[in-house]
There are 2 protein chains.
Amino acid sequence: MNRQKQKSLEKKGWKIGSTAEFLNLSEEESSYIELKLKLSINLRKLRTEQKLTQVELAKILKSSQSRVAKLEIGDPSVSLDLIIRSLLALGTSNKEIARAISS
Amino acid sequence: MNRQKQKSLEKKGWKIGSTAEFLNLSEEESSYIELKLKLSINLRKLRTEQKLTQVELAKILKSSQSRVAKLEIGDPSVSLDLIIRSLLALGTSNKEIARAISS
DNA sequence: TGACAATATGTCATATCTGACATATTTTTA
DNA sequence: TAAAAATATGTCAGATATGACATATTGTCA
């Protein structure tokens, strides 16, 4: 991961103190974050393709607009669980989820 | 999913009242459960391949033997998050996770 | 431009997950 | 076999994620 990406992640609230500290993000942590981001992006793509607003999606998910917003940016406060459940609720298959992770 | 699988899931604690209710498991729910089970099985496979005991893995994960046991059977009390974090901690790549989901 | 729709951000009470512990059960080994 | 090691099950206090709300910001279109 590069400095560009760090900036992006920092902006999104992943608390990263310094470049040094950032570089010490374990392989595990960065993989986890990347996974989340990929699926988040996929979720937004899916929603917009289906021409839904966040409010409409929230209704489908029995959640709230603000949580959908957080889901779609991979906010640290949302779990992979919720992202994946949301993708499934929008009709994504397990195979498609796998594809998104691999991409 | 068939009756056999229901029995198996019920035994594992997924609360399913009746066959009728079971059959009403939404596509979403069953996909979610299947996803979890696939990754759980993968986790156990990985641990045994690396010749680790649950106690040893627990130490690596900074968790406990009992939680590892639950992770490996996809217990309803464990999140996808924890399963995936555990896989990553054992050195699994995102691509490998994707493969496991697709399998 | 201004007004309206959509999305983002911050906060919080409640719900759910977690590690830890005790203990039961199963598997391995001598 | 019997003892030891490994795994499973049940419970719970504390940690984390959640929906909901208020409000801010951004995008769109007349």
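- Rounded to a whole Å, the CZ atom of A/R47 is 8 Å from the C1' atom of C/dT7.
- You'll find the side chain of B/L71 stays beyond 4.5 Å of the side chain of B/L57, heavy atoms only.
- In this structure, B/S40 contributes its side chain and B/E72 its backbone to no donor-acceptor pair below 3.5 Å.
- Residue whose closest nucleotide on DNA chain D sits further toward the 5' end, between A/I83 and B/R44: B/R44.
- A/S63 places no side-chain N or O within donor-acceptor distance of the main-chain N or O of A/K59, the cut-off being under 3.5 Å.
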Per-nucleotide protein contact along nucleotides 11-30 of chain C, 5' to 3', at a 4.0 Å heavy-atom cut-off (B base, S sugar-phosphate only, - neither), is B-----SBBBB---------
Quick one: what's the B/S/- string for nucleotides 24-30 of chain D, heavy-atom cutoff under 4.0 Å, read 5' to 3'?
-> -------
Evaluation steps, side-chain contact (heavy atoms from CB on, under 4.5 Å), between A/R67 and A/K70 = CA-CA 5 Å; A/R67 184 120 322 257; A/K70 283 160 191 161; 4.2 Å; yes
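- Atom-to-atom, CG of B/L80 to C1' of D/dA17 comes out at 14 Å; the value is rounded to the nearest Å.
- B/D75 places its CG atom 9 Å from the P atom of D/dG10, with the value rounded to the nearest Å.
- Taking atom CD of A/E72 as the reference point, atom P of C/dA6 lies 14 Å away to the nearest angstrom.
- Shown here for A/I83 and A/K36, the closest heavy-atom pair between the two residues is CD1-CG, 3.9 Å.
- Heavy-atom minimum distance, B/I97 versus B/L88: CD1-CD2, 3.7 Å.
- How far CD1 of A/I101 is from CG of B/N94: 7.0 Å, rounded to the nearest 0.5 Å.
- Residues A/I60 and A/L46 are members of one and the same hydrophobic cluster, defined by side-chain heavy-atom contacts under 4.5 angstrom among Ile, Leu, Val, Met, Phe, Trp and Tyr.
- For B/K45, the salt bridge (Lys or Arg N to Asp or Glu O under 4.0 Å) partners at least two apart in sequence or on another chain are B/E49.
- Between the CD1 atom of A/I84 and the P atom of D/dT18 there is a distance of 12 Å, given to the nearest Å.
- Summarising the geometry, the separation between CG on A/L57 and C1' on C/dA5 is reported as 17 Å, rounded to the nearest angstrom.
- In this structure, B/I73 atom CD1 and D/dA8 atom P are separated by 7 Å, rounded to whole Å.
- As rounded to whole Å, 13 Å separates atom P of C/dA5 from atom CD of A/E56.
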